[in-house]
Every structure is written in C-alpha cells, then in structure tokens.
Amino acid sequence: MTPESKPLLTLDGVCVAYRHQEVVHDVSLDVAAGEVVALIGPSGAGKSSLLRAINFLEPPSKGRILLEGVEVGGSRRTLDALRRDVGMVFQSFNLFPHLTALQNVMLAPEHTLGLPREQARERAMRQLTHVGLAERADAKPGKCSGGQQQRIAIARALAMEPKVMLFDEPTSALDPELGAEVLATMRTLAGEGMTMVVVTHEMHFAEDVADRVVFMADGHVVEENSAGKLMRDPQHPRTQRFLNAVRGR
Amino acid sequence: MGTILSTLADGVAQTIGITLAAFAVAAVLGLPLAVLRRSGHWLVRLPAVVVVEVLRAVPPIVWLFLIYFSLGSTDNLQLTTFQAAVIGLGLIYAAHLSEAYRAGLDAVPAGQWEATRALALPRTQAYVRVILPQALIVVIPPMATFAIALLKDSAIASVIGATDITFQAVQLTQQDLNGLGNFTVAGLLYIALGIPFAVVARGADRVLSRRLVGA
Ligand SMILES: Nc1ncnc2c1ncn2[C@@H]1O[C@H](COP(=O)(O)OP(=O)(O)OP(=O)(O)O)[C@@H](O)[C@H]1O
Ligand SMILES: [Mg+2]
C-alpha cells in the first residue's frame with residue numbers, strides 16, 4: 001500500500017465486549033483494496049468477535065470502523081450502507097433452508113438493493129456460475145453437499161457486489177476434501193482482486209493466499225506481518241508457540 | 001337420535017362460524033403480539049406482555065359477558081351474540097397463539113437472523129421471506145391444538161345466546177328433558193367437527209416440512 005492510498009477498510013481502536021467482559025482489546029488494522037488478510041490465533045482469541053464487529057453483527061464497544069474513510073455506526077442508514085458493501089460468509093453457512101440455491105442468492109439483490117426480479121435472478125445465476133454451481137440453482141441447500149452449501153453462501157454474499165468479503169472459518173465445518181473446493185473458490189476470488197478478511201485455521205491458505213497475516217491471542221493483536229514473514233519467521237514467542245503447535249499436528 | 005341430530009344440526013353452522021372467525025382474528029392479531037414481545041426494547045415489550053397476560057388471566061366467559069353485556073350494549077355499539085363471541089374468543093386466542101408464534105420464532109436459529117442482517121435485508125423482508133416461513137412449521141401443530149380448544153370453548157358463546165350446538169342442546173333439553181341423549185349427541189358433534197382440524201394440521205405439517213428440506 002502506498003502511503004497516500006487510502007485504506008479500503010480501517011479498524012481504529014476496536015474493542016468488543018459481551019456484557020461487561022471485554023474480549024477484543026483495542027485492535028487497529030488497515031486493509032487496502034485488493035488485499036487478503038488472514039486472521040489466525042488460538043480458540044477464544046477473539047477472531048470471530050473482531051470479524052463480526054466489522055459489519056456490526058457485534059457492535060464494537062469502543063473504537064471506529066471506517067469504510068473508504070467514512071465512519072460507520074450511529075445511524076441505521078450508514079450501517080445498512082456498510083452491510084451492503086461488506087459480504088459475510090459464516091462457518092455454518094447460514095443458508096436459508098426453505099429457499100433454493102438461486103432464491104438464496106437473489107434474495108438480497110431483490111429485496112435489499114431493490115433490483116427488478118429478472119435482474120436479480122440474472123445476477124444470482126452469474127454468481128452461482130462463478131462458484132461453479134449453476135446446475136444446482138434449483139436445489140434446496142439440504143440436498144447439497146457441505147462444500148456446495150458454502151459455495152452457495154459465497155455466491156449469496158458476492159451477489160451484493162461487496163467491496164470486502166469477511167470469512168469466519170469457512171471450511172472448519174467441512175471434511176478436508178469439501179473444504180478444499182471452498183478454498184479453491186476463495187483462491188479464485190483473491191486472484192480476481194477481491195478484498196478479503198479471513199479467519200482461518202488453514203495455515204496453507206494463510207501462507208499461500210493471504211498477503212498479510214494477523215496473529216491474535218487473548219483479544220490482542222500479538223503480531224502482524226506479510227504472510228511470508230509471519231508464517232516463516234514469527235518474531236513473538238506467542239506466535240512461534242502457536243505455529244509450532246498447529247504444524248505439529 | 002334422528003330428531004336430536006336434526007335439531008342440533010341447526011347449531012353446527014353457528015359453532016363452525018364462531019370457531020373459524022375467532023381463529024382468523026386470533027391468527028392475525030397473535031402475530032404482532034408475538035413480534036412486539038420479542039422486541040429488544042422493554043417499552044415495546046411491556047404493553048404486549050400486559051395485553052397477553054390480562055387476556056389469559058380472565059376466564060373466557062367473563063370476557064364474553066363483559067363484551068356483550070357492557071361494551072356491546074352501549075347505544076352507539078350494538079353487537080350481535082355472534083360478533084361478541086368472535087371478538088372475545090378471538091382476542092383470548094390471539095394471546096394463546098402469540099405464545100405459539102413466539103416459540104416458533106425462537107426456534108429459528110440465530111444464524112438465520114445474522115444472515116439477514118449481514119445482507120442488510122430490511123426487517124420486514126427478513127421476517128416475511130426468511131424467518132416466518134421457518135417459524136410456521138414449528139407453529140402448525142400447536143396451532144391445530146388451539147383450533148380444537150377454540151372449537152370446544154366456542155360452546156360458552158351459548159351463555160350469551162349465540163345459537164350454536166350447545167345452545168340448541170340446552171333448548172331441546174328444556175323441552176324434552178332428555179339431557180343424556182341431547183348432550184351425548186352434542187359431544188359427538190364436537191368430536192366430529194374437530195377431526196378436520198387434526199387432518200388439515202397433519203397434512204400441512206407434512207407438506208411444509210417437505211418444502212423445508214426437500215429439493
Ligand atoms: N455471544 C457471546 N457471549 C459471551 N461471550 C462470548 C460470545 N461469543 C464469544 N464469547 C467469548 O469471547 C471470547 C472470544 O471468542 P471468539 O469466538 O471471538 O474467539 P475465536 O478466536 O473466534 O475462537 P474460535 O477459534 O474458537 O472460533 C471467548 O472467550 C468467548 O467465550
Ligand atoms: Mg471463531
């Protein structure tokens with residue numbers, strides 16, 4: 001990122017608290033357009049909480065979120081604007097089980113963006129094709145494999161044509177084989193220049209696909225660096241211990 | 001038996017009418033009550049809680065007397081016995097149904113709400129397109145139970161003079177003193193009328209659950 005280029009997404013002193021228990025402490029992070037940031041760390045580190053704070057599924061207890069330099073929060077309108085521009089993919093897919101794949105994907109274009117139905121359908125078909133699932137358009141999620149379901153969920157988020165995509169452990173509910181097809185889809189997205197923040201336990205993905213890796217523990221960012229450096233030459237003992245532990249398995 | 005049946009049959013239409021109309025009122029009014037009760041804001045929640053609790057705390061027969069003999073007999077508001085019964089039972093069952101709706105809404109996983117929020121779906125659209133269709137499946141069996149309970153409770157409309165099955169049985173018994181026969185037939189009629197509710201509920205349940213999981 002050149003010094004004068006404005007970051008696409010900025011987290012400024014973000015804290016997250018459940019009731020009065022703070023679990024994410026003062027995290028600041030800039031994400032440039034087209035950048036892929038992997039968020040790694042042990043269970044309970046606060047990775048999901050931080051990710052969910054970005055689109056206010058868990059409103060930050062302190063700090064600011066800025067998208068293209070514009071602060072989000074306060075009004076319902078800036079919040080909706082943010083959510084239109086920030087796609088989210090969940091660990092458990094959260095597809096709508098009573099709707100077909102196509103209906104899942106076209107719902108938000110039609111009812112959030114207000115596109116005419118035909119246009120929403122076209123856009124949805126395009127995204128399903130993009131993730132390689134055009135032929136599953138009329139299937140309910142229950143009839144699709146886990147990997148297919150997660151790709152439908154990715155298509156659903158992409159159909160909003162977001163500026164940033166957030167992923168919360170998108171493969172950890174899947175067998176390695178099915179996870180691989182989801183990772184391949186994400187790799188393609190990254191290659192196309194999509195800005196992505198990815199919470200992941202897949203160290204290979206972090207190392208190969210991410211531009212930058214952020215290591216979190218106990219609600220703090222312990223260390224962040226370019227993927228190559230952090231994964232191969234971690235500076236902080238906490239990071240070293242974590243990487244050794246996950247690689248040891 | 002034949003003459004009893006033909007006399008009581010005069011009340012069948014009234015019983016079905018009160019039941020269906022009151023159920024329609026309850027089904028419609030129960031939903032906003034349920035939605036308000038799930039609000040995050042206590043100022044919104046409180047009035048709904050009070051309404052539901054008061055409706056359920058007072059015996060149905062007292063509600064009917066209250067509506068028919070006081071509210072319904074003022075100069076500018078004259079209610080028929082049918083109207084009073086439909087309003088009274090409709091309100092009481094709206095309170096019952098709101099509880100069933102609430103359970104149905106609670107049964108929809110939090111992840112479904114989160115997905116609608118992440119997609120910035122307007123709240124009404126989230127309810128109509130995502131949450132309610134899934135809640136409905138959970139709600140249908142208790143709704144059928146309430147429909148049958150309402151059918152039975154509709155008998156109290158006879159005390160304000162609605163000419164339903166029970167009313168006919170009372171009238172007939174005052175003439176022929178054959179209480180055993182008359183009320184046995186009345187009981188059988190209620191059983192028979194309840195069967196379609198059970199069947200419809202079972203069928204709807206099957207169709208909807210297939211729609212939910214099936215391709
Ligand atoms: N809804 C919640 N209510 C209360 N506490 C919560 C809630 N969600 C998470 N926490 C707590 O916040 C802390 C951080 O949790 P979080 O889920 O963000 O961690 P994580 O890094 O995503 O962990 P994992 O790798 O297990 O997903 C944990 O101590 C967790 O117990
Ligand atoms: Mg997590």
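Lettering of chains follows the sequences in order, A, B, ..., and the numbering in each one begins at 1.
If you take CZ on A:Phe96 and CZ on B:Arg129, they are separated by 12.0 Å, rounding to the nearest 0.5 Å.
Inspection of non-hydrogen atoms places A:Leu107, A:Ala108, A:His111, A:Thr112 of residues 102-116 of chain A under 4.5 Å from chain B.
Heavy atoms of A:Phe90 lying under 4.5 Å from chain B belong exclusively to its side chain. Heavy atoms closer than 4.5 Å to chain B are found in the side chain of A:Arg52, but not in its backbone. Both the backbone and the side chain of A:Asp80 have a heavy atom closer than 4.5 Å to some heavy atom of chain B. Contact of B:Gln125 with chain A is made through the side chain alone, with heavy-atom distances under 4.5 Å.
Screening residues 124-137 of chain A for salt bridge (Lys or Arg N to Asp or Glu O under 4.0 Å), with sequence neighbours left out, gives A:Arg126-A:Glu161.
Remark: B:Gln78 CD is packed, more than 12 non-hydrogen atoms of other residues, nucleotides or ligands lying under 6.0 Å away. Residue B:Arg38 places its CZ atom among more than 12 non-hydrogen atoms of other residues, nucleotides or ligands, all under 6.0 Å distant. Few gaps surround CZ on A:Arg187; more than 12 heavy atoms of other groups in view lie less than 6.0 Å from it.
Side-chain atoms of A:His98 never come within 3.5 Å of backbone atoms of B:Ile131 as a donor-acceptor pair (strictly under, hydrogens ignored). Remark: side-chain polar atoms of A:Asn94 are paired, donor with acceptor, to backbone N or O of B:Gly111 under 3.5 angstrom.
When side chains are defined from C-beta on, A:Arg156 counts as touching B:Leu119, because their heavy atoms get closer than 4.5 Å.
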